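Here's the structure, in C-alpha coordinates; my notes come after.
Starting from 1, each residue takes its place in the sequence as its number. Given the structure is predicted, the values throughout are model-derived calculations rather than measurements.
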Amino acid sequence: MVGKEPPQWLWDLALEVRIPALFCAYGVYVNTKLYYDSLAAYQPGAKWGMAKGKLLELEKLNYRYISVPRYAVKYEFEVDGKTYVSTRATSGSPYRNWMERFYKDTITESQYLQAIPVLRVGERCTVFYNKANPGSHSALAHDANSFEISIMCFLAVFPLMMGYYMKAHWWMIKKAYFPGKKVRVRFPVYDHPPPPPPPPRQPTQISPLPKE
(Lines give C-alpha, C1' and ligand atoms only; values in the text may rest on other atoms or scores of the structure.)
Protein backbone atom coordinates (compact mmCIF):
# COMPACT_ATOMS: atom_id res chain seq x y z
CA MET A 1 0.00 0.00 0.00
CA VAL A 2 1.44 3.34 -1.06
CA GLY A 3 0.44 6.69 0.37
CA LYS A 4 -2.10 7.55 2.99
CA GLU A 5 -5.25 5.48 3.02
CA PRO A 6 -8.33 7.60 2.19
CA PRO A 7 -11.28 7.60 4.56
CA GLN A 8 -14.20 5.31 3.83
CA TRP A 9 -16.65 8.12 3.07
CA LEU A 10 -14.34 9.42 0.33
CA TRP A 11 -14.23 5.99 -1.31
CA ASP A 12 -18.02 5.74 -1.12
CA LEU A 13 -18.48 9.06 -2.94
CA ALA A 14 -16.94 7.50 -6.10
CA LEU A 15 -15.70 10.86 -7.34
CA GLU A 16 -13.95 9.17 -10.29
CA VAL A 17 -17.41 8.36 -11.65
CA ARG A 18 -19.52 11.26 -10.42
CA ILE A 19 -17.30 14.20 -11.37
CA PRO A 20 -17.39 13.40 -15.15
CA ALA A 21 -21.14 12.90 -14.79
CA LEU A 22 -21.45 16.41 -13.35
CA PHE A 23 -19.73 17.82 -16.44
CA CYS A 24 -22.22 15.95 -18.65
CA ALA A 25 -25.13 17.31 -16.62
CA TYR A 26 -23.74 20.83 -16.97
CA GLY A 27 -23.42 20.34 -20.74
CA VAL A 28 -27.06 19.24 -20.94
CA TYR A 29 -28.13 22.33 -19.01
CA VAL A 30 -26.07 24.73 -21.15
CA ASN A 31 -27.23 23.36 -24.51
CA THR A 32 -30.88 23.12 -23.43
CA LYS A 33 -30.75 26.74 -22.29
CA LEU A 34 -29.16 27.79 -25.59
CA TYR A 35 -31.97 26.09 -27.49
CA TYR A 36 -34.75 27.82 -25.56
CA ASP A 37 -32.98 31.19 -25.69
CA SER A 38 -32.59 30.91 -29.46
CA LEU A 39 -36.34 30.45 -29.93
CA ALA A 40 -36.81 34.10 -28.96
CA ALA A 41 -34.29 35.42 -31.50
CA TYR A 42 -37.13 37.07 -33.44
CA GLN A 43 -38.06 39.28 -30.48
CA PRO A 44 -36.28 42.51 -29.54
CA GLY A 45 -34.08 42.35 -26.48
CA ALA A 46 -33.54 38.60 -26.79
CA LYS A 47 -30.26 36.90 -25.90
CA TRP A 48 -29.98 35.60 -29.46
CA GLY A 49 -30.06 37.64 -32.64
CA MET A 50 -30.29 37.13 -36.39
CA ALA A 51 -27.79 38.08 -39.06
CA LYS A 52 -27.36 37.68 -42.78
CA GLY A 53 -24.69 35.17 -43.63
CA LYS A 54 -23.21 33.38 -46.62
CA LEU A 55 -23.28 29.61 -47.09
CA LEU A 56 -19.79 28.37 -47.89
CA GLU A 57 -20.25 24.59 -47.94
CA LEU A 58 -23.19 22.18 -47.99
CA GLU A 59 -22.52 18.43 -47.66
CA LYS A 60 -25.21 15.79 -47.99
CA LEU A 61 -24.73 12.86 -45.59
CA ASN A 62 -26.47 9.49 -45.71
CA TYR A 63 -26.60 7.26 -42.65
CA ARG A 64 -27.68 3.62 -42.48
CA TYR A 65 -29.78 4.15 -39.37
CA ILE A 66 -31.64 7.21 -40.76
CA SER A 67 -33.98 6.92 -43.74
CA VAL A 68 -33.57 10.54 -44.86
CA PRO A 69 -30.30 12.37 -45.50
CA ARG A 70 -28.85 15.07 -43.29
CA TYR A 71 -26.75 18.08 -44.25
CA ALA A 72 -23.52 19.44 -42.83
CA VAL A 73 -22.99 23.16 -43.37
CA LYS A 74 -20.28 25.78 -43.22
CA TYR A 75 -21.12 29.46 -43.29
CA GLU A 76 -19.86 32.90 -42.42
CA PHE A 77 -21.63 35.89 -40.92
CA GLU A 78 -20.76 39.31 -39.60
CA VAL A 79 -21.59 40.80 -36.19
CA ASP A 80 -20.47 44.30 -35.18
CA GLY A 81 -17.97 44.46 -38.03
CA LYS A 82 -16.33 41.11 -37.19
CA THR A 83 -16.65 38.10 -39.48
CA TYR A 84 -17.17 34.63 -38.04
CA VAL A 85 -16.94 31.25 -39.79
CA SER A 86 -18.81 28.33 -38.23
CA THR A 87 -19.84 24.74 -38.92
CA ARG A 88 -22.39 24.60 -36.10
CA ALA A 89 -25.77 23.74 -37.63
CA THR A 90 -28.38 23.73 -34.84
CA SER A 91 -29.00 25.92 -31.82
CA GLY A 92 -29.27 23.18 -29.16
CA SER A 93 -26.36 21.07 -30.33
CA PRO A 94 -23.43 20.17 -28.03
CA TYR A 95 -21.24 20.64 -31.10
CA ARG A 96 -18.51 23.29 -31.10
CA ASN A 97 -16.33 24.37 -34.00
CA TRP A 98 -13.22 22.66 -32.60
CA MET A 99 -14.99 19.29 -33.03
CA GLU A 100 -14.96 19.60 -36.81
CA ARG A 101 -12.21 16.99 -37.26
CA PHE A 102 -14.14 14.09 -35.71
CA TYR A 103 -17.81 15.14 -35.56
CA LYS A 104 -20.20 16.94 -37.90
CA ASP A 105 -23.24 18.85 -36.78
CA THR A 106 -26.11 18.48 -39.25
CA ILE A 107 -29.59 19.70 -40.06
CA THR A 108 -32.46 17.46 -41.09
CA GLU A 109 -34.02 17.14 -44.53
CA SER A 110 -37.07 19.13 -43.44
CA GLN A 111 -34.93 21.93 -41.99
CA TYR A 112 -32.99 22.08 -45.23
CA LEU A 113 -36.16 22.31 -47.33
CA GLN A 114 -37.88 24.83 -45.04
CA ALA A 115 -34.92 27.20 -44.72
CA ILE A 116 -35.62 30.79 -45.76
CA PRO A 117 -33.88 31.72 -47.97
CA VAL A 118 -33.12 28.41 -49.68
CA LEU A 119 -29.72 27.02 -48.68
CA ARG A 120 -27.43 27.19 -51.70
CA VAL A 121 -23.65 27.39 -51.69
CA GLY A 122 -22.41 30.91 -52.28
CA GLU A 123 -25.76 32.53 -51.56
CA ARG A 124 -27.24 34.32 -48.58
CA CYS A 125 -28.54 32.47 -45.52
CA THR A 126 -30.09 33.40 -42.18
CA VAL A 127 -27.86 32.84 -39.13
CA PHE A 128 -28.99 32.73 -35.52
CA TYR A 129 -26.27 33.66 -33.04
CA ASN A 130 -25.76 34.15 -29.33
CA LYS A 131 -25.10 37.83 -28.71
CA ALA A 132 -22.82 37.04 -25.78
CA ASN A 133 -20.66 34.60 -27.76
CA PRO A 134 -21.38 34.63 -31.50
CA GLY A 135 -18.16 32.82 -32.38
CA SER A 136 -19.12 29.65 -30.46
CA HIS A 137 -22.92 29.64 -30.44
CA SER A 138 -24.47 30.10 -33.85
CA ALA A 139 -26.85 28.04 -35.97
CA LEU A 140 -28.84 27.85 -39.17
CA ALA A 141 -31.82 26.02 -37.64
CA HIS A 142 -33.56 25.54 -34.29
CA ASP A 143 -33.17 22.01 -32.98
CA ALA A 144 -32.86 20.49 -29.51
CA ASN A 145 -30.68 17.61 -30.77
CA SER A 146 -32.53 15.06 -28.68
CA PHE A 147 -30.26 12.16 -29.69
CA GLU A 148 -27.01 13.74 -28.46
CA ILE A 149 -28.68 15.26 -25.40
CA SER A 150 -30.24 11.89 -24.51
CA ILE A 151 -26.79 10.26 -24.54
CA MET A 152 -25.41 13.02 -22.34
CA CYS A 153 -28.37 12.65 -19.94
CA PHE A 154 -27.70 8.91 -19.72
CA LEU A 155 -24.02 9.54 -18.99
CA ALA A 156 -25.00 12.07 -16.31
CA VAL A 157 -27.96 10.56 -14.46
CA PHE A 158 -26.89 6.94 -14.02
CA PRO A 159 -23.35 7.64 -12.72
CA LEU A 160 -24.69 10.26 -10.32
CA MET A 161 -27.29 7.87 -8.93
CA MET A 162 -25.23 4.66 -8.93
CA GLY A 163 -21.65 5.87 -8.76
CA TYR A 164 -20.81 3.69 -5.75
CA TYR A 165 -22.14 0.51 -7.38
CA MET A 166 -20.43 1.27 -10.68
CA LYS A 167 -17.12 1.75 -8.90
CA ALA A 168 -17.60 -1.48 -6.94
CA HIS A 169 -18.41 -3.45 -10.12
CA TRP A 170 -15.44 -1.95 -11.88
CA TRP A 171 -13.24 -3.10 -9.00
CA MET A 172 -14.62 -6.65 -9.30
CA ILE A 173 -14.06 -6.72 -13.08
CA LYS A 174 -10.54 -5.41 -12.59
CA LYS A 175 -9.85 -8.04 -9.97
CA ALA A 176 -11.22 -10.82 -12.20
CA TYR A 177 -9.39 -9.91 -15.42
CA PHE A 178 -6.20 -8.47 -13.90
CA PRO A 179 -5.52 -10.78 -10.95
CA GLY A 180 -1.79 -10.06 -10.85
CA LYS A 181 -2.21 -6.31 -10.50
CA LYS A 182 -2.25 -4.84 -7.03
CA VAL A 183 -5.58 -3.31 -6.11
CA ARG A 184 -6.09 -1.00 -3.20
CA VAL A 185 -9.02 -2.16 -1.10
CA ARG A 186 -10.42 -0.76 2.11
CA PHE A 187 -12.33 -3.18 4.30
CA PRO A 188 -14.74 -2.04 7.03
CA VAL A 189 -13.38 -1.57 10.52
CA TYR A 190 -13.57 -4.71 12.67
CA ASP A 191 -15.46 -3.48 15.72
CA HIS A 192 -16.82 -6.79 17.08
CA PRO A 193 -16.02 -7.85 20.68
CA PRO A 194 -13.10 -10.26 21.09
CA PRO A 195 -13.97 -13.97 21.19
CA PRO A 196 -14.05 -15.78 24.55
CA PRO A 197 -10.91 -17.64 25.67
CA PRO A 198 -10.60 -21.26 24.56
CA PRO A 199 -11.65 -24.01 27.00
CA PRO A 200 -8.95 -25.90 28.93
CA ARG A 201 -7.56 -29.04 27.38
CA GLN A 202 -8.48 -31.16 30.39
CA PRO A 203 -11.62 -30.70 32.48
CA THR A 204 -11.00 -29.42 35.99
CA GLN A 205 -13.19 -28.70 38.97
CA ILE A 206 -13.43 -25.37 40.65
CA SER A 207 -13.45 -27.03 44.03
CA PRO A 208 -12.14 -30.47 45.00
CA LEU A 209 -14.49 -33.39 44.89
CA PRO A 210 -16.13 -34.28 48.22
CA LYS A 211 -14.64 -37.19 50.10
CA GLU A 212 -16.76 -40.27 50.58
Side-chain angles (χ1 to χ4, degrees), residues 20-159:
L22 288 175
F23 282 102
C24 288
Y26 179 74
V28 171
Y29 166 76
V30 169
N31 290 287
T32 303
K33 188 175 185 300
L34 289 174
Y35 167 70
Y36 282 104
D37 289 343
S38 67
L39 295 177
Y42 302 95
Q43 302 177 4
K47 295 182 180 180
W48 280 59
M50 299 172 59
K52 295 180 180 180
K54 181 181 179 181
L55 188 63
L56 303 178
E57 296 179 9
L58 180 66
E59 182 182 1
K60 184 177 180 180
L61 302 174
N62 294 303
Y63 299 99
R64 294 181 179 179
Y65 54 89
I66 302 177
S67 58
V68 293
R70 299 181 71 95
Y71 297 85
V73 295
K74 184 176 183 180
Y75 55 92
E76 65 178 10
F77 61 102
E78 184 176 338
V79 178
D80 297 330
K82 186 176 180 179
T83 302
Y84 299 93
V85 178
S86 178
T87 53
R88 193 168 187 268
T90 53
S91 56
S93 174
Y95 176 87
R96 300 297 183 266
N97 290 322
W98 56 268
M99 302 179 185
E100 182 180 3
R101 295 181 179 179
F102 58 89
Y103 172 53
K104 291 184 179 181
D105 193 19
T106 58
I107 59 176
T108 62
E109 178 83 1
S110 60
Q111 291 168 345
Y112 167 71
L113 296 174
Q114 296 173 6
I116 300 176
V118 179
L119 295 178
R120 293 175 180 171
V121 178
E123 297 188 5
R124 184 171 61 90
C125 61
T126 302
V127 179
F128 305 96
Y129 67 93
N130 185 3
K131 296 178 180 179
N133 194 357
S136 298
H137 305 150
S138 61
L140 295 185
H142 296 294
D143 197 341
N145 289 75
S146 57
F147 178 74
E148 290 89 344
I149 297 299
S150 298
I151 294 177
M152 294 178 66
C153 286
F154 177 84
L155 295 176
V157 174
F158 281 90

*asked:* One pair to check against side chain to side chain contact (heavy atoms under 4.5 Å, CB included): F77 and S138. What are the steps and the verdict?
replied: CA-CA 10 Å; F77 61 102; S138 61; 3.8 Å; yes
Minimum heavy-atom separation for [X] and [Y], please, with both atom names.
X    : Y    : result
P94  : N31  : CA-OD1, 3.3 Å
D105 : T87  : CB-O, 4.0 Å
P134 : V79  : CB-CG2, 4.5 Å
V28  : C153 : CG1-SG, 3.7 Å
R88  : N97  : N-OD1, 3.7 Å
P159 : L155 : CG-O, 3.1 Å

What's the separation between atom [atom1] in [X] and atom [atom2] in [Y], rounded to the nearest 0.5 Å?
X    : Y    : atom1 : atom2 : answer
L39  : L34  : CG    : CG    : 11.0 Å
K60  : E109 : NZ    : CD    : 6.5 Å
Y84  : E78  : OH    : CD    : 10.0 Å
I149 : Y35  : CD1   : OH    : 11.5 Å

Please assess V73 against L55 for the test side chain to side chain contact (heavy atoms under 4.5 Å, CB included), listing each intermediate value before the final yes or no.
CA-CA 7 Å; V73 295; L55 188 63; 4.2 Å; yes
*So, E100 and Y95: side-chain donor and acceptor under 3.5 Å apart, yes or no?*
no
### Query
Taking it one step at a time, do L58 and Y112 satisfy side chain to side chain contact (heavy atoms under 4.5 Å, CB included)?
CA-CA 10 Å; L58 180 66; Y112 167 71; 3.6 Å; yes
Residue pairs meeting side-chain hydrogen bond (donor to acceptor under 3.5 Å, both in side chains), one or both in residues 38-49, sequence neighbours left out, come to S38-S91, S38-H142
Applied to residues 117-131, the side-chain hydrogen bond (donor to acceptor under 3.5 Å, both in side chains) test, sequence neighbours excluded, yields N130-H137
Could you check whether any side-chain heavy atom of L56 comes within less than 4.5 Å of a side-chain heavy atom of V121, counting everything from C-beta outward?
no
Near [X] [atom1], under 6.0 Å, is it more than 12 heavy atoms from other residues, nucleotides or ligands?
X    : atom1 : answer
D80  : CG    : no
Y63  : OH    : yes
I116 : CD1   : no
Y103 : OH    : yes

